[in-house]
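For reference, the structure is listed below as structure tokens.
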Amino acid sequence: MSNKVRVRFAPSPTGGLHLGGVRTVLYNYLFAKQHGGDFILRIEDTDQNRYVPGAEEYIVNCLQWCGLEPDESPQKGGPYAPYRQSERKHMYYEYAQKLVDSGHAYYAFDTTDELEKMRTTLQSATNTNPQYDYSTRMHMRNSIALSKEEVVELLEKGTPYVIRIKMPQIKELKFTDMIRGEISFDTALVDDKVLLKADGMPTYHLAVVVDDYLMKITHAFRGEEWLPSAPVHLLLWEYLGWKEQMPRWAHLPLILKPDGHGKLSKRDGDRLGFPVFAMNWTDPRTNETVHGFRERGFLPEAFINMLAMLGWNAGTEQEIFSLDELVQQFSIERVHKGGAKFDFEKAKWFNHQYIQRMDSAELVTLVKPYITDKGITTTDEYLAQVVGLIKDRCTLLPDFWEQGHFFFHTPDSIDVAAIKEKWADNKAQFFTQWIDVLKNLSDWNHTSIEQSFNEQLQQNGLKKGDIMLPLRIMLVGGKYGPGVFTIAEMIGKDETSKRINNALNII
RNA sequence: GGCGCGUUGGUCAAUCGGCUAAGACGCCUCCCUUUCACGGAGGAAUGACGGGUUCGACUCCCGUACGUGCUACCA
């Protein structure tokens with residue numbers, strides 16, 4: 001099976017894994033699995049200056065949390081190892097050299113200062129960004145502009161150089177994007193991109209083509225921001241003589257900021273109060289933390305489902321999809337072309353849906369840490385009951401504590417003001433008397449408790465509506481929670497009496 | 001500035017020339033609930049603009065506008 005589908009996610013290990021990155025992974029994964037193909041994780045660490053320790057491990061952990069595990073990766077290995085470009089460094093020079101030999105690339109000896117100078121002197125109102133291209137390359141220090149002797153001399157002296165692609169002046173390039181259809185470029189407007197840096201490392205442009213070729217990648221999905229450099233890659237596939245093996249491309253739409261405009265960035269999260277990364281990421285250099293969906297209390301399945309729907313839909317009314325269903329139904333052709341503004345409210349809605357549908361035992365294990373973190377000890381059975389009672393009103397995992405803490409401990413404070421608003425002596429009397437009655441209540445369940453409550457009400461000549469709310473606040477602390485008599489049943493007779501007493505003392 | 005890509009309600013979006021333009025989130029109203037939610041029933045809200053093509057254009061074409069991306073020895 002030489003035409004087996006092979007896709008790759010190729011992040012650079014420079015920081016946390018962004019929402020959009022996860023979506024790119026997801027679409028890669030879905031496509032691969034749908035075609036019985038392989039999903040490869042390749043680390044693009046060709047920029048040594050931007051290397052951040054821990055970033056690669058973090059990415060691997062994110063994929064694991066999301067349930068999108070690669071078939072081949074630096075950790076797992078595979079037939080095309082190594083999967084880190086820094087470890088493949090020695091492979092790239094040969095191809096760069098081949099391009100120089102065939103006249104499609106050249107040595108450039110320009111220093112940073114010289115490049116800077118060229119740009120500033122040529123800069124004008126009509127040309128804000130002068131490029132290193134056909135119009136300027138003859139004025140620079142490179143193996144095209146210089147004589148053969150000069151080049152040899154520079155090379156022999158060990159002058160640092162880069163290898164740049166020689167973009168043809170007049171050539172229209174076309175390719176068919178799986179999402180956008182035919183796209184064309186004029187090569188005269190593309191600059192002579194650096195292929196091999198002075199440190200011997202390839203740039204993304206060379207590395208992506210060489211590795212996609214060597215790793216037999218059949219389909220390449222990446223963010224829309226890569227579209228403008230597609231002509232460079234197209235030409236490289238052609239110049240290297242691999243045109244027939246070039247993967248089919250799909251450029252995914254961007255995920256935009258919910259307010260204003262532009263790509264969603266990690267800074268937007270804190271600003272607007274939602275996570276942007278899959279998991280918490282702390283930059284080891286700045287100690288700055290960017291928050292993740294996992295820590296915010298999202299279920300990975302919901303997170304994935306939400307991302308799948310951000311830019312793709314099945315064309316039906318179905319919105320909730322398991323990973324398997326996504327694998328079955330996903331199609332790259334149905335991916336939307338335009339960027340999508342991220343909507344955190346909708347993201348929360350997905351999580352709520354998943355919490356409601358989740359198996360009780362599974363939910364208990366997920367919720368438990370949030371309870372034990374508060375110093376509470378409980379049993380799975382009790383927790384399961386609580387979870388069953390409150391999950392309707394829980395959207396994110398931490399909500400279980402917010403909505404159900406009173407099942408586990410006496411509330412630290414109660415909404416006294418809400419009780420006092422309509423408080424009266426006869427109400428205090430009611431509660432004092434009712435506690436006494438409760439002492440002798442033999443059968444402690446919500447029905448018997450409510451019955452006794454009703455009877456006491458009659459004796460005191462009070463209306464149920466006048467007492468229900470105070471009772472709730474005494475037991476719960478505020479105006480929320482499931483049925484108040486069920487709560488009384490759950491926390492037990494002693495605790496119920498105790499909470500009523502406590503409340504009476506502070507009113 | 002140049003080039004690429006995009007443009008259906010506030011947001012995600014269906015529609016592949018027949019539209020009285022789905023659905024979801026959010027919002028509003030009502031019902032249910034002697035709390036808060038869940039749930040149920042309603043409601044407000046959409047084709048950027050201008051030209052073509054066509055019996056017919058949200059759908060095709062061309063302009064314009066707007067948005068967005070790129071324009072590094074970063075990916």
Side-chain angles (χ1 to χ4, degrees), chain A residues 10-14 44-47 49-50 85 108 110-112 115-116 119 123-133 160-164 177 179-180 183-186 188-191 193-205 207-208 222-231 251 253-254 256 258-259 261-263 306 309-320 334 336-350 352 356 390-395 399 403 418 463-473 476 478-484 487:
Chain A
S12 65
T14 52
E44 309 232 341
D45 55 351
T46 53
D47 187 355
N49 301 319
R50 294 214 307 160
Q85 289 181 331
D110 316 276
T111 63
T112 319
L115 289 171
E116 179 77 11
R119 293 197 178 105
Q123 205 168 55
S124 69
T126 53
N127 186 9
T128 57
N129 274 296
Q131 302 197 116
Y132 201 120
D133 59 15
Y161 66 89
V162 301
I163 292 178
R164 308 184 86 112
D177 186 277
I179 295 172
R180 290 151 207 280
I183 296 174
S184 59
F185 304 89
D186 178 356
L189 301 164
V190 182
D191 63 341
K193 286 262 180 297
V194 170
L195 300 179
L196 201 78
K197 299 185 263 190
D199 64 2
M201 275 289 194
T203 59
Y204 171 81
H205 306 293
V208 74
R222 71 221 305 195
E224 187 187 330
E225 67 268 29
W226 288 110
L227 216 35
S229 55
H251 289 87
L254 268 10
L256 279 8
D259 64 345
H261 306 289
K263 275 201 287 192
M306 178 274 291
M309 302 307 287
L310 204 59
W312 174 86
N313 71 84
T316 64
E317 289 190 5
Q318 184 177 357
E319 284 195 281
I320 303 295
R334 287 198 65 86
H336 219 247
K337 294 183 185 74
K341 287 185 187 163
F342 176 65
D343 181 4
F344 189 52
E345 291 305 318
K346 187 78 188 239
K348 286 196 291 193
W349 176 81
F350 276 104
H352 184 257
Q356 304 321 310
I390 63 171
K391 70 173 181 180
D392 277 355
R393 53 208 90 199
C394 293
T395 297
D399 293 345
Q403 293 294 328
K463 279 186 287 180
K464 202 171 182 179
D466 296 334
I467 301 297
M468 285 292 276
L469 193 65
L471 174 60
R472 166 173 299 280
I473 294 172
V476 170
K479 300 184 219 176
Y480 60 93
V484 72
I487 295 170

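What you see is a predicted model, and the numbers here were worked out from it, not measured in a lab. Quick note on labels: first sequence line is chain A, next is B, and so on, each numbered from 1.
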Atom C1', compared across U46(B) and U20(B): separation rounded to whole Å: 15 Å

Nearest-Å distance once atom C1' is located in both C25(B) and A44(B): 15 Å

Non-neighbouring partners of His205(A) that pass ring pair (Phe, Tyr, Trp, His ring centres under 6.0 Å), sequence neighbours left out: His233(A)

Sequence-distant partners of Lys263(A), side chain to side chain donor-acceptor pair (under 3.5 Å), two or more places apart: none

Span that lies between the P atom of G43(B) and that of U34(B), in whole angstrom: 28 Å

Nearest listed nucleotide, side chain of Leu310(A), among C12(B), C25(B), U34(B): C12(B)

Rounded distance in Å between the P positions of G50(B) and G9(B): 16 Å

Inter-nucleotide P distance (G51(B), G69(B)), Å rounded: 32 Å

Sugar-phosphate only, base, or nothing, as touched by Pro253(A) at under 4.0 Å among non-hydrogen atoms: nothing

From CD1 (Ile473(A)) to OH (Tyr480(A)), nearest 0.5 Å: 10.5 Å

Check nucleotides 38-43 of chain B against the protein and report each pair of N or O atoms closer than 3.5 Å, with its distance, or say if there are none.
none

With sequence neighbours excluded, residues passing side chain to side chain contact (heavy atoms under 4.5 Å, CB included) with Pro11(A): Phe9(A), Leu41(A), Ile43(A), Ile59(A)

Between C27(B) and C38(B) - P atom distance, rounded Å: 9 Å

Gap in Å between the two C1' atoms, one belonging to A14(B) and one to U59(B), rounded: 12 Å

Contact state string [nucleotides 69-75 of chain B, B base, S sugar-phosphate only, - no protein heavy atom under 4.0 Å]: BSB-BBB

Sugar-phosphate, base or nothing in reach of Gly338(A), heavy atoms under 4.0 Å: sugar-phosphate

Closest heavy-atom pair and its distance - Thr128(A), Ala125(A): CG2-O, 3.9 Å

Under the side chain to side chain contact (heavy atoms under 4.5 Å, CB included) test, residues paired with Thr112(A) that sit two or more places apart: none

Range-with-range stems of RNA chain B (Watson-Crick or G-U pairs under 3.5 Å, three or more in a row): B:1-7 with B:65-71, B:10-12 with B:23-25, B:27-31 with B:39-43, B:48-52 with B:60-64

Set of residues satisfying salt bridge (charged side-chain N to carboxylate O under 4.0 Å, His left out) with respect to Asp191(A), sequence neighbours excluded: Lys193(A)

Sugar-phosphate only, base, or nothing, as touched by Lys337(A) at under 4.0 Å among non-hydrogen atoms: sugar-phosphate

Under the ring pair (Phe, Tyr, Trp, His ring centres under 6.0 Å) test, residues paired with Phe185(A) that sit two or more places apart: none

Set of residues satisfying salt bridge (charged side-chain N to carboxylate O under 4.0 Å, His left out) with respect to Asp133(A), sequence neighbours excluded: none

Touch class at under 4.0 angstrom, heavy-atom based, for Arg334(A) against every strand present: sugar-phosphate

Side chain to side chain contact (heavy atoms under 4.5 Å, CB included) partners of Ile320(A), counting only residues at least two apart: Asn305(A), Trp349(A), Phe350(A), Gln353(A), Tyr354(A), Arg357(A)

For Arg334(A), side chain to side chain contact (heavy atoms under 4.5 Å, CB included) partners two or more places apart: Trp312(A), Asn313(A), Ser331(A)

Per Lys464(A) side chain, nearest of listed nucleotides A24(B), U34(B), G26(B): U34(B)

Anti or syn - C38(B), cut at 90° from 0: syn

Minimum-distance nucleotide to Asn313(A) side chain [options: A13(B), U35(B), C5(B)]: A13(B)

Sugar-phosphate only, base, or nothing, as touched by Gly478(A) at under 4.0 Å among non-hydrogen atoms: nothing

Tyr132(A) six-ring centre to Arg164(A) NZ/CZ under 6.0 Å and within 45° of normal: yes

